[in-house]
Amino acid sequence: MIFQPKPFINILIFSCLFFTACRQTDHNFTVKDVPAEYLKLGNSYLEVSTVAEGLSVPWGMDYIDNKILFTEIAGKVKELNLTTGEVRTLLEIEDVFTRTTPGLLDITIQKNTKDDPYVFLNYTKKRDSLVVSTLMRYQYNGSELINPTEILSVAGANGHNGTRLLIDKNNILYWATGDVADNNMAQDSTTLNGKVLRMNLDGSVPADNPIPNSLVYAWGFRNIQGMTLDKDGNLFTAEHGDAIEDEVNWVRPLHNYGWPLIEGKHDTDKELAITAKTKMTEPIRSWTPVIAPAGMAYYNHDEISEWKNSLLLVTLKSQTLRVLNLNEDQHSIKEEHIYFGKHFGRMRAVLVLPNGDVLLSTSNRDWNPQPGFPKENDDRIIRLRITDQKPQSFLQEDPKVTAASSNQNAAVLYKNYCASCHKEDGKGVANSFPPLVNSARINDLTAFTKLLLEGTKDKKPINGVSYEQNMASYSFLKDDELAAIINYVKTEFGDKKTTTPEAIKALRIK
């Protein structure tokens, strides 16, 4: 089924209405007025307010006793008091290894206990020269995180570490791990990477796990960035694809979700041949071009009735909040609504509060800021709440891209598939993605075409610089689309020599 996104909802800034929020300095917090904005949903209105600002890449967040505990990627765990607006640091982890995407990642809090609930954190650290991804357990006594206990460590890397954590109503912990950019991990059910793991709160294997004496619940994942449970206990994850097919999966025990043998929907001859021999499970939603899905939460509250029984998904690349309305069977998505296109920048986490409010966190001070970000008050936590206010007008945004010329089509293709890594100005990201400007590789037309068709796997230095990220194959694009991208790159950043779809087809045959 193909889903057509609805037009972006109107937003208007009203300078006359303000909300008190916090801003961090080196040692304390000051109060600052931040203007509210408004969102129209049918006959309802949402107030969109900043409740914390001046943060440093908040990654995960969870709720307890009218407080939000959240992580910052460099190693701090902070507490936001929703009553007073105060933000304070609870914990600073000294041995966090962070570079681009590694660091202090997700957090989850035990809910069904009154005294000193467990708090689980995941972060990357170095053991000698190796990166490991570590699951830590603390207890929260209302003012401190105490009794640190290491529960488990798995392989880590400079990328693809996952991670999302959650605890269900039966005190079972789920940990979604990344494949650490190792294509041998995700399909090997004897390893713990590229998996959803299921464990007791002491790290032991539950008696009802699908594989006896194993934490592995499901496998075949690339880089899960979102995970949530619905009202019936169904588990959903959001996952980064490679160059295509970002995914939302309904995760079930012993199911294989395909990576790296299959990406996204089973819709090529090669993929269908694989599934004829080995049973694999398709996502319930996929996106090409990719949107870089991040945190996900389930909404089933009466407050925002239009969102009831929906998955709320925030994204990094498309810089949106997506509301995915589930069917009554909870196993498929019937509609997709898109909000805030590039209005707040990259968004990393989303959380539904018991009263029906929704919190979003931005990620604009991370390694890959998008054009126009970070803003002065980034990063921040943003609250969406039903309001009786009735604004008179809204700022209309249209998500559709209209290409008036072939050159604009090429620019759109470059933006969709290349700009998030190599940037719109072609200057790349230091130590992660090489620049295209004045690159000898793009000026060699045959080599550049083969690079797009085949991708890279060896991470060879370029002009003496080692880059952490491999390049995906773009062979799924049509010959004319590849030609448009190549010609755009060479015209904007290179020697201006162009190619043709026929030339690309000839190289495919070879």
Side-chain angles (χ1 to χ4, degrees), residues 4-5 7-8 240-246 287-293 315-320 322 338 340-346 364 368-373 395-430 432-456 467 469 471-505 507-508:
Q4 295 296 329
F8 284 177
H240 286 187
D242 195 357
I244 57 173
E245 301 224 60
D246 286 341
W287 292 268
T288 300
V290 292
I291 60 172
T315 72
L316 299 166
K317 182 177 179 181
S318 70
Q319 304 168 61
T320 55
R322 292 167 186 253
I338 304 176
F340 304 133
K342 301 184 180 179
H343 189 73
F344 294 118
R346 289 159 64 85
N364 293 319
N368 195 19
Q370 298 304 296
F373 296 94
L395 175 65
Q396 179 69 41
E397 293 182 291
D398 189 343
K400 295 181 180 179
V401 175
T402 302
S405 66
S406 59
N407 185 57
Q408 187 177 358
N409 277 324
V412 170
L413 286 166
Y414 176 82
K415 185 176 180 180
N416 285 341
Y417 292 106
C418 311
S420 64
C421 297
H422 298 289
K423 301 305 177 185
E424 292 188 24
D425 60 8
K427 293 182 179 180
V429 178
S432 295
F433 301 107
L436 300 177
V437 176
N438 299 320
S439 166
R441 181 174 287 193
I442 71 168
N443 286 336
D444 184 330
L445 186 56
T446 299
F448 185 30
T449 304
K450 286 185 176 180
L451 177 65
L452 287 172
L453 288 170
E454 299 171 4
T456 62
Y467 292 92
Q469 305 294 328
M471 178 173 166
S473 165
Y474 285 81
S475 59
F476 61 88
L477 291 174
K478 298 175 182 177
D479 294 336
D480 60 337
E481 293 173 324
L482 278 173
I485 289 175
I486 290 170
N487 293 341
Y488 179 86
V489 169
K490 289 175 72 64
T491 300
E492 295 292 320
F493 311 126
D495 60 9
K496 305 190 186 311
K497 295 180 181 178
T498 58
T499 188
T500 64
E502 291 74 21
I504 291 170
K505 182 177 181 180
L507 283 174
R508 282 190 197 267

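For reference, positions follow the sequence shown, starting with 1.
To the nearest 0.5 Å, atom NZ of residue K317 and atom CD1 of residue I291 are 10.0 Å apart. Atoms CD and OG1, on E454 and T449 in that order, are 10.5 Å from each other to the nearest 0.5 Å. If you take CH2 on W287 and CZ on R322, they are separated by 6.5 Å, rounding to the nearest 0.5 Å. Distance check: S439 OG to D495 CG gives 10.0 Å after rounding to the nearest 0.5 Å. For the atom pair L453 CG and L507 CG, the distance stands at 6.5 Å (nearest 0.5 Å). Atoms NE2 and CD, on H343 and Q319 in that order, are 12.0 Å from each other to the nearest 0.5 Å.
Under the 3.5 Å distance criterion, the side-chain polar atoms of T320 are left unmatched by any main-chain donor or acceptor of G341. The closest donor-acceptor contact from the side chain of N368 to the backbone of C421 lies at 3.5 Å or more, if one exists at all. A donor-acceptor pair under 3.5 Å is formed between the side chain of N364 and the backbone N or O of R346.
P501 places none of its side-chain heavy atoms less than 4.5 Å from the side chain of E481. Looking at I504 and I486, their side chains come closer than 4.5 Å, going by heavy atoms from C-beta outward. Using a 4.5 Å heavy-atom threshold, the side chains of T500 and K505 count as separate. Within the 4.5 Å cutoff, the side chain of N443 has no heavy atoms near those of the R441 side chain.
Applying the side chain to side chain donor-acceptor pair (under 3.5 Å) criterion to D479, with sequence neighbours excluded, gives R508.
Annotation: salt bridge (Lys or Arg N to Asp or Glu O under 4.0 Å) contacts involving residues 415-424, sequence neighbours excluded, are absent.
Atom CG of D425 sits in a crowded spot, with more than 12 heavy atoms from other residues, nucleotides or ligands closer than 6.0 Å.
Heavy atoms only, all atoms of each residue included: K342 and F373 are closest at O-CZ, 3.4 Å. Minimum interatomic distance between Y488 and A410 (heavy atoms only, all atoms of both residues): CB-CB, 3.9 Å. Residues N487 and T499 come closest through the heavy atom pair OD1-N, 2.7 Å. Across all non-hydrogen atoms, the minimal contact from H240 to P293 is NE2-O, 2.8 Å. Residues T315 and S318 come closest through the heavy atom pair OG1-OG, 2.5 Å. Residue L436 comes nearest to V489 through the heavy atom pair CD1-CG1, 4.1 Å, listed as atom of the first residue, atom of the second, then distance.
Ring pair Y474/Y417 is perpendicular by interplanar angle, where above 60° counts as perpendicular and below 30° as parallel.
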